[in-house]
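This report refers to the structure that appears directly beneath it.
Quick note: numbers below take in every heavy atom, side chains included, and nothing from hydrogens, waters or symmetry partners.
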Amino acid sequence: MIQADFHTHTNFSDDSQASAQMQLDAALEHGLTSLCFTDHEDYAYPTGEFQLNVPEYTKTMETLRDAYAGRIQIAIGIEAGLRPDYVNEITSVVSSYPFDFVIGSTHVVRGQDPYVASYWQGRTEKESIRLYLEETLANIRCFDCFDVYGHIDYVIRYVPSGHTSYSYIEYCDILDEILRLLIAKGKGIECNTGGFKYGLGHPNPHEDLIRRYVELGGEILTIGSDAHAPQHIAYDFHRLPDLLAACGVRYYTTFLGRKPIFHRL
């Protein structure tokens, strides 16, 4: 049984209206023993959103950690939107506060988020997907300040013609390079059930990527719902034990003080 959700958001992120208390109460209802808040910090996001008030955020989470002690373990995390042109700025934010866990993610490619329709204009869908993966690889080469890479195939959520045109095989050259570099750096990946919420029928990344990560020797895998509302905490976690076992995964990972802790599935 999976008892930890390590990718969640609160109203400290511009795309959530949920208080941390609401998310915690939902986690308790699901029987979770650990919850990690990973609110967005996307430095220089094109619309000016997702600029996390880190001092207030960490102070609030530390207060809640004390208030909920004995009921649920709270880990203080952050989801850092990585960009090769802002290495120093992003690294400084991450290193200046006592985070337990850091997700590195690609949200912006050439000044655009794939969530926005304009990202897909002027290129074929395959070119746009590959461009996103190339940016992800560039981020991994530039940064060491994260613990796991978030939703590696995030871009698939927003393909205009639908997700069925995407497969691991078609992009295996660059995806394998991404996975090998993460493993060489001692970094993990996540299994993000937001993919189920978005109707993909698969987590992000697709289970073929998770299987390949294990085949290449990867061991660090966190589980996260990417919940922005209480009803999405631990979203479809019941689907994961069999799916992950079929990928060769025997343990999932939590973090405390930036150190991985392994739990048997």
Side-chain angles (χ1 to χ4, degrees), residues 5-9 13-16 38-43 45-47 49-50 77-84 90 101-120 123 125-143 146-168 170-172 174-179 181-182 187-210 212-213 221-228 232 235-236:
D5 191 337
F6 259 61
H7 190 152
T8 68
H9 296 280
S13 292
D14 286 327
D15 54 357
S16 173
T38 53
D39 277 306
H40 287 292
E41 170 61 272
D42 273 77
Y43 195 89
Y45 191 78
T47 62
E49 298 174 291
F50 306 115
I78 188 172
E79 182 179 9
L82 305 184
R83 297 176 59 175
I90 295 168
F101 178 60
V102 178
I103 298 174
S105 295
T106 302
H107 293 135
V108 176
V109 179
R110 294 188 182 177
Q112 292 182 302
D113 190 325
Y115 171 80
V116 180
S118 59
Y119 172 80
W120 301 90
R123 294 184 294 265
E125 289 183 354
K126 290 181 180 180
E127 289 170 340
S128 296
I129 292 169
R130 184 165 289 273
L131 181 64
Y132 176 88
L133 296 175
E134 288 171 351
E135 187 78 355
T136 295
L137 181 59
N139 283 331
I140 297 168
R141 286 172 173 156
C142 290
F143 287 91
F146 64 94
D147 301 307
V148 306
Y149 216 90
H151 43 50
I152 290 172
D153 52 13
Y154 161 88
V155 66
I156 304 307
R157 295 178 180 178
Y158 308 111
V159 177
S161 67
H163 61 90
T164 55
S165 61
Y166 163 76
S167 71
Y168 159 74
E170 190 161 10
Y171 303 94
C172 64
I174 189 166
L175 286 169
D176 276 5
E177 194 170 356
I178 285 170
L179 296 177
L181 184 55
L182 286 170
K187 310 298 184 183
I189 63 172
E190 68 167 352
C191 179
N192 184 313
T193 59
F196 294 132
K197 182 182 70 176
Y198 282 90
L200 304 185
H202 307 276
N204 293 120
H206 190 288
E207 55 265 34
D208 287 348
L209 274 73
I210 297 173
R212 184 59 174 154
Y213 174 73
L221 179 83
T222 56
I223 309 295
S225 64
D226 210 346
H228 290 68
H232 296 138
Y235 190 85
D236 272 2

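- Considering every non-hydrogen atom in both L133 and I178, the closest pair reads O-CD1, 3.7 Å.
- A side-chain donor from one of D113 and Y45 sits under 3.5 Å from a side-chain acceptor of the other.
- Between Y158 and P114, the shortest heavy-atom contact is CB-O, 3.3 Å.
- Taking every heavy atom of both residues into account, I189 and P205 meet most closely at CD1-CG, 4.5 Å.
- Closest of all the heavy-atom pairs between D226 and K197 is O-NZ, 3.8 Å.
- For the atom pair CD1 of I103 and CD of E190, the computed distance is 5.0 Å after rounding to the nearest 0.5 Å.
- A ring-centre distance under 6.0 Å is not found for Y166 and H163.
- Qualifying ring pair (Phe, Tyr, Trp, His ring centres under 6.0 Å) partners for Y149, counting only residues two or more places apart in sequence or in other chains: F146.
- If you take OG1 on T222 and CG on D147, they are separated by 9.0 Å, rounding to the nearest 0.5 Å.
- Remark: the E79 side chain and the H9 side chain contain an N/O donor-acceptor pair separated by less than 3.5 Å.
- The closest side-chain heavy-atom distance from R157 to L200 is below 4.5 Å.
- Looking at E177 and R141, a side-chain N of the basic residue comes within less than 4.0 Å of a carboxylate O on the acidic one, giving a salt bridge.
- Counting heavy atoms from C-beta outward, Y168 and I210 have side chains that stay 4.5 Å or more apart.
- Not a single ring pair (Phe, Tyr, Trp, His ring centres under 6.0 Å) links Y119 to another residue, sequence neighbours left out.
- Residues forming a side chain to side chain contact (heavy atoms under 4.5 Å, CB included) with C142 (at least two apart in sequence, or on another chain): P84, V87.
- Other residues, nucleotides and ligands contribute at most 12 non-hydrogen atoms within 6.0 Å of the OH atom of Y43.
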Give the intermediate values and the outcome of side chain to side chain contact (heavy atoms under 4.5 Å, CB included) for residues I174 and E134. CA-CA 7 Å; I174 189 166; E134 288 171 351; 3.5 Å; yes
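- Proximity of a side-chain donor or acceptor of D42 to a complementary backbone N or O of F50 within less than 3.5 Å is not detected.
- We find the OH-OG1 distance between Y132 and T106 to be 4.5 Å, quoted to the nearest 0.5 Å.
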Run the numbers on R212 and L175 for side chain to side chain contact (heavy atoms under 4.5 Å, CB included), then give the verdict. CA-CA 9 Å; R212 184 59 174 154; L175 286 169; over 6 Å; no
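- Annotation: the span from I140 atom CD1 to E135 atom CD amounts to 11.0 Å, rounded to 0.5 Å.
- One distance of note links CD1 of I152 with OH of Y213; it measures 8.5 Å at 0.5 Å rounding.
- Looking only at distances, no side-chain donor or acceptor of D153 sits under 3.5 Å from a matching main-chain atom of N204.
- Remark: the D5 side chain and the S225 side chain contain an N/O donor-acceptor pair separated by less than 3.5 Å.
- Of all heavy-atom pairs spanning D39 and S13, the tightest one is OD1-OG, 2.6 Å.
- Atom-to-atom distance recorded for H40:NE2 and I78:CD1 is 10.5 Å, nearest 0.5 angstrom.
- Taking all atoms of both residues into account, the shortest heavy-atom contact from Y235 to T193 is O-OG1, 2.8 Å.
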Mind running side chain to side chain contact (heavy atoms under 4.5 Å, CB included) on V155 and S128 for me, showing each step along the way? CA-CA 9 Å; V155 66; S128 296; 5.9 Å; no
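- In summary, the side chains of H151 and N192 do not present any donor paired with an acceptor at a separation below 3.5 Å, with no hydrogens or angles considered.
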Evaluate side chain to side chain contact (heavy atoms under 4.5 Å, CB included) for Y171 paired with K126, printing each intermediate quantity in order. CA-CA 9 Å; Y171 303 94; K126 290 181 180 180; 3.5 Å; yes
